[in-house]
**Student:** 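The structure is given below, and queries will be raised subsequently.
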Amino acid sequence: MNNTWKIYLLTLISFLVGTSQSVISGILDEVAASVGVSLSAAGQLITVFALATAIGSPVVMLATAKIGRRKQLLLALAIILLGIMLTIACSFGLTRTFSKRAATE
């Protein structure tokens with residue numbers, strides 16, 4: 001793959017990541033209603049995410065500066081996989097809890 005295609009691919013991926021991280025602002029009212037919190041409390045979610053990204057990104061870059069690219073990629077994939085598994089486990093557990101609660105009421 002020549003460098004031109006790599007740049008286009010990097011641009012597309014950066015656009016998709018940036019867009020997916022910002023989509024929550026468009027559906028914030030629906031998120032607030034589904035979780036049962038006020039719109040302002042749900043809006044704090046965006047603020048906390050932005051602060052965590054702004055503070056955490058340079059820290060992670062400094063912490064992983066001496067690690068090889070392949071190890072960085074494997075570490076990132078492992079963290080993402082762990083997050084997905086935890087999300088599925090928590091969602092399944094919460095679904096079971098809510099279904100049991102609904103069945104008893």
Side-chain angles (χ1 to χ4, degrees):
M1 182 182 286
N2 61 19
N3 287 337
T4 305
W5 285 106
K6 289 179 185 177
I7 292 172
Y8 287 135
L9 187 61
L10 180 62
T11 304
L12 177 66
I13 291 171
S14 298
F15 173 75
L16 292 175
V17 169
T19 305
S20 68
Q21 291 176 351
S22 300
V23 76
I24 189 71
S25 60
I27 59 171
L28 189 60
D29 54 344
E30 295 172 16
V31 171
S34 70
V35 179
V37 297
S38 68
L39 189 59
S40 60
Q44 290 178 356
L45 174 70
I46 296 173
T47 304
V48 170
F49 175 78
L51 286 173
T53 302
I55 295 169
S57 295
V59 172
V60 170
M61 288 175 60
L62 287 173
T64 60
K66 305 246 183 208
I67 301 174
R69 285 189 224 166
R70 185 175 298 270
K71 287 184 182 178
Q72 283 182 2
L73 180 62
L74 290 174
L75 179 63
L77 289 174
I79 291 170
I80 290 170
L81 182 61
L82 178 65
I84 290 170
M85 291 185 334
L86 286 173
T87 301
I88 291 171
C90 290
S91 296
F92 181 69
L94 290 176
T95 303
R96 289 183 55 131
T97 302
F98 289 134
S99 63
K100 284 182 185 177
R101 186 180 300 166
T104 58
E105 291 179 358

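Both backbone and side-chain heavy atoms feed into the values below; hydrogens, waters and symmetry mates do not.
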**Student:** Taking atom OG1 of Thr11 and atom CD1 of Ile7, what is their separation to the nearest 0.5 Å?
**Tutor:** 7.0 Å
**Student:** To the nearest 0.5 Å, what is the distance between CD1 (Ile67) and CG (Leu73)?
**Tutor:** 12.0 Å
**Student:** Could you grab the distance from atom CH2 of Trp5 to atom CG of Leu12, nearest 0.5 Å is fine?
**Tutor:**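 CG of Leu12 is found 11.0 Å from CH2 of Trp5.
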**Student:** Would you mind listing the cluster partners of Leu74? Hydrophobic ones only (ILVMFWY), side-chain contacts under 4.5 Å, chaining allowed.
**Tutor:**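 So far as hydrophobic clustering goes, Leu74 is joined with none.
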**Student:** Indicate if Leu62 and Leu75 have the same hydrophobic cluster label, given that clusters are the connected sets of ILVMFWY residues with side-chain heavy-atom separations under 4.5 angstrom.
**Tutor:**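 Leu62 and Leu75: separate clusters.
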**Student:** If the test is side-chain contact (heavy atoms from CB on, under 4.5 Å), which one of Leu9, Asn3, Thr4 qualifies with Lys6?
**Tutor:** Asn3
**Student:** How would you list all residue pairs meeting side chain to side chain donor-acceptor pair (under 3.5 Å) that involve residues 49-70, not counting sequence neighbours?
**Tutor:**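 Qualifying pairs: none.
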**Student:** For Leu51, what are the other residues in its hydrophobic cluster, where any two members join if their side-chain heavy atoms are less than 4.5 angstrom apart?
**Tutor:** none
**Student:** Members other than Phe49 in its cluster, when Ile, Leu, Val, Met, Phe, Trp, Tyr link by side-chain heavy atoms under 4.5 Å?
**Tutor:**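 None, because no other hydrophobic side chain comes under 4.5 Å of this residue.
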**Student:** Which hydrophobic side chains are connected to Leu45, either touching it within the sub-4.5 Å cutoff or through other members that do?
**Tutor:** Ile24, Ile27, Leu28, Val31, Val35, Val37, Leu39, Ile46
**Student:** Enumerate the residue pairs fulfilling side chain to side chain donor-acceptor pair (under 3.5 Å) with a member in residues 30-39, sequence neighbours excluded, ordered by first and then second residue.
**Tutor:**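 Those involving residues 30-39 are Ser38-Ser40.
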